[in-house]
Amino acid sequence: MPSVVIIGAQWGDEGKGKIIDYLAGEADVVVRAQGGNNAGHTVIVEDKKYAFHLMPSGVLYNDKKNVIGNGVVFDPEGFLKEIDILEAQGVDTSNVMIDERVHVIFPYHKKIDALEEDARGEDKIGTTKKGIGPCYMDKIERSGIRLGELLDREHFKSRLFSQVARKNKLIEKYYESQGFDPQEIFDTYCGYADRLKKYITDTTVIVHEALVEEKKVLFEGAQGTLLDIDLGTYPYVTSSHPTSGGFCIGAGVGPNMIGEVIGAVKAYTTRVGSGPFPTELHDETGNLIRTKGNEFGTTTGRPRRCGWFDGVMVKYTSRINGLTAISLMLLDVLSGFDKIKMCVGYQYKGEIIHHFPADLNKLAECKPVYKELDGWQEDITSIERYEDLPENAKKYIKAIEEYTQVPVKIISVGPKRSQTIIREAIF
Ligand code: GDP
Ligand code: IMO
Ligand code: MG
């Protein structure tokens with residue numbers, strides 16, 4: 001089956017954008033299906049750097065369709081800014097399609113996101129404040145406004161005015177802050193709708209036709225499995241399904257249409273935002289990984305929390321996504337360490353466990369059990385073939401495969417498109 005899912009198998013920022021861009025060279029269609037512009041996918045081609053938030057990472061090729069599927073929450077302001085930046089960089093964005101069902105993010109969603117984070121104080125989630133949670137709340141509550149609705153002005157006006165009246169009550173009475181003028185939002189969003197009209201369609205038809213015609217479809221995950229609203233480290237999660245199953249609902253495709261499921265996995269672990277992180281390093285090693293890996297958020301610029309590779313976690317994310325392969329990212333960042341540790345179990349109340357706990361209090365008490373491997377000193381950023389990697393790097397990859405029971409089919413040794421080692425053809 002020529003369709004491939006790429007999901008983040010940790011807490012996001014695993015390098016999904018880089019690997020999607022690489023594989024998109026072979027694909028016909030690239031599809032986003034969840035999340036919104038909380039995502040930040042960095043792609044570097046030769047010496048040009050691109051940051052995608054809502055835009056699928058196949059947009060750098062002129063001949064690919066780029067789909068924003070129905071499961072995405074859509075910020076028109078953010079999207080149009082992204083279009084403007086890309087066009088200024090000389091990227092043709094005419095091959096982008098947005099599903100008419102995507103739920104629209106309005107200014108009140110962003111404001112409520114920020115107000116709620118402040119209200120939570122110490123317990124804050126550390127959201128990107130892009131309005132993601134509040135927009136998905138409206139969708140689930142069945143009061144959200146979908147993009148297609150913006151094209152019928154009268155209908156949109158009545159939906160928006162009633163929604164703003166409700167939100168203003170919440171913002172003014174509960175949060176004691178300042179509400180919004182519905183007419184102002186209406187005028188601004190009508191302007192957005194005029195620009196967006198040409199992109200809006202029923203993308204489920206496009207994706208289905210491509211699959212039926214055996215075209216190569218690449219499904220691009222945003223966020224990471226442990227940020228999944230159901231299966232992640234709840235409540236320190238996002239509000240969508242960044243797992244492989246999320247594509248069925250978020251792009252309107254049957255599970256039998258999905259072939260390979262590749263987990264993008266960093267050679268270590270990072271996390272932004274709050275919540276327990278068993279292998280987190282609070283020492284010089286953690287700082288060194290952050291500096292070498294340039295671990296600062298693409299969307300918010302926040303420093304990422306860093307730690308060793310966590311096998312227990314990846315075993316779990318492999319199981320719940322049905323991973324058929326791992327794309328091991330940022331391996332070059334580990335060059336130069338004398339010893340490299342990987343977590344191969346958790347110690348919990350005197351017992352060794354191999355299942356990632358659902359209960360956060362339990363997770364917070366888990367102490368990683370490490371396997372220590374010898375590192376390698378060589379710079380690996382220009383290596384093109386697996387055979388040419390240092391022996392200790394190969395041993396590290398093998399240890400990951402043995403513990404997770406998933407083959408590492410792709411190895412990334414640098415941020416550029418060209419710094420990619422393919423061990424087994426994907427399409
Ligand atoms: P995404 O959200 O999963 O697409 O990942 P991000 O783009 O937020 O973060 C990954 C970061 O690592 C970006 O700055 C990439 O340019 C960079 N990157 C991706 N692959 C590699 C790699 O193999 N080596 C290095 N050094 N950097 C990489
Ligand atoms: P990409 O696609 C890393 C995190 C936020 C916060 C939590 C909830 O670049 O991997 P939200 O704004 O979604 O309500 O925030 O989820 N988060 C991410 N962390 N990478 C991302 O996306 C993320 N998107 C959201 O930091 O902890
Ligand atoms: Mg990112």
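Side-chain atoms of T225 come within 3.5 Å of backbone atoms of G8 as a donor-acceptor pair (strictly under, hydrogens ignored). Using a distance-only test at 3.5 Å, with no hydrogens or angles considered, no donor-acceptor pair links the side chain of R304 to the main chain of C306. The main-chain N or O of V408 is found under 3.5 Å from a side-chain atom of E401 such that the two form a donor-acceptor pair. Of the possible donor and acceptor atoms, one in the side chain of Y396 sits under 3.5 Å from a partner among the backbone N and O of A267. No side-chain donor-acceptor contact under 3.5 Å links E214 to the backbone of L211. E82 places a side-chain N or O within 3.5 Å of a backbone atom of H53 that can act as its donor or acceptor partner. Side chain of T279 to main chain of W308: a donor-acceptor pair is present (N/O by atom type, distance under 3.5 Å, no hydrogens or angles). Checked by atom type and distance alone, the side chain of S274 pairs as donor or acceptor with a backbone atom of K124 at under 3.5 Å. When atom types are taken as modelled, the side chain of R385 and the backbone of I422 share no donor-acceptor pair closer than 3.5 angstrom. With K111 contributing its side chain and Q178 its backbone, the two residues share a donor-acceptor pair below 3.5 Å.
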Exercise. Mind running salt bridge (Lys or Arg N to Asp or Glu O under 4.0 Å) on E46 and K416 for me, showing each step along the way?
Key: CA-CA 7 Å; E46 281 145 22; K416 293 187 184 171; over 6 Å; no
Quiz item: Would I171 and F180 satisfy side-chain contact (heavy atoms from CB on, under 4.5 Å), going step by step from the backbone distance to the final call?
Solution: CA-CA 9 Å; I171 293 168; F180 289 91; 3.8 Å; yes
Quiz prompt | Working for salt bridge (Lys or Arg N to Asp or Glu O under 4.0 Å), residues K129 and E117 | solution = CA-CA 8 Å; K129 300 191 181 166; E117 280 286 272; 6.0 Å; no
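Residues E14 and K16 are paired through a salt bridge, judged by an N-O separation under 4.0 Å between the basic side chain and the carboxylate. Between D75 and K110 there is a salt bridge, since at least one side-chain N of the basic residue sits less than 4.0 Å from a carboxylate O of the acidic one. Taking 4.0 Å as the cut-off between side-chain N and carboxylate O, K409 and E260 count as a salt-bridged pair. Salt bridge status for R153 with D194: present, with a side-chain N to carboxylate O gap under 4.0 Å. Looking at E280 and R305, a side-chain N of the basic residue comes within less than 4.0 Å of a carboxylate O on the acidic one, giving a salt bridge. Look at D28 and K64 and you find no salt bridge, because none of the NZ, NE, NH1 or NH2 atoms lies under 4.0 Å from a carboxylate O. The pair D84-R195 meets the salt-bridge criterion, since a charged nitrogen lies less than 4.0 angstrom from a carboxylate oxygen. Look at E295 and R290 and you find no salt bridge, because none of the NZ, NE, NH1 or NH2 atoms lies under 4.0 Å from a carboxylate O. Ionic pairing of E100 and R146 is not present here: no N-O contact between side-chain nitrogen and carboxylate oxygen is shorter than 4.0 angstrom.
In this structure, a donor-acceptor pair under 3.5 Å is present between the side chains of T233 and W11. A donor-acceptor contact closer than 3.5 angstrom is absent between the side chains of Q419 and E384. At a cut-off of 3.5 Å, with distance as the only test, no side-chain donor of N321 or T243 sits close to an acceptor on the other residue. Side chain to side chain, D138 and H109 meet the donor-acceptor criterion of an N or O pair below 3.5 Å. Side chain to side chain, D13 and T270 fail the donor-acceptor criterion of an N or O pair below 3.5 Å. Using modelled atom types and a 3.5 Å distance limit, the side chains of N95 and Y61 yield no donor-acceptor pair. With no hydrogens or angles considered, no side-chain donor-acceptor pair links E172 and S177 at under 3.5 Å. Residues N38 and T128 have side chains that never bring a donor and an acceptor to within less than 3.5 angstrom of each other. When only modelled atom types and interatomic distance are considered, D310 and Q10 share no side-chain donor-acceptor pair under 3.5 Å. With no hydrogens or angles considered, a side-chain donor-acceptor pair links D187 and Q183 at under 3.5 Å. Judged by distance alone, the side chains of S412 and K18 do bring a donor and an acceptor atom under 3.5 Å apart.
Both cation-pi conditions hold for K315 and Y403: the charged atom is under 6.0 angstrom from the six-membered ring centre and inside a 45 degree cone around its axis.
Aromatic rings of Y268 and F309 (six-membered ring for Trp) have centroids beyond the 6.0 Å cut-off, not under it. For Y192 and F79, the distance between ring centers is not under 6.0 angstrom.
Of the candidates L328, L330, L331, L334, K266 forms a side chain to side chain contact (heavy atoms under 4.5 Å, CB included) with just one, namely L330. With N37 as the fixed residue, the side chain to side chain contact (heavy atoms under 4.5 Å, CB included) test singles out one of L54, V73, V72: L54.
In terms of heavy atoms, A222 sits closest to P242 at O-CB, 3.2 Å. Residues I125 and V237 share a closest heavy-atom pair of CG2-O, 4.0 Å.
In this structure, I98 and T201 have side chains that are not in contact, with every pair of non-hydrogen atoms separated by 4.5 Å or more. F52 places a side-chain heavy atom less than 4.5 Å from the side chain of V59. You'll find the side chain of I397 reaches within 4.5 Å of the side chain of Y386, heavy atoms only.
Among residues two or more places apart in sequence or in another chain, the ring pair (Phe, Tyr, Trp, His ring centres under 6.0 Å) test is passed with F106 by Y108, Y189. Judged as a side chain to side chain donor-acceptor pair (under 3.5 Å), and not counting sequence neighbours, the contacts of Y175 are E116.
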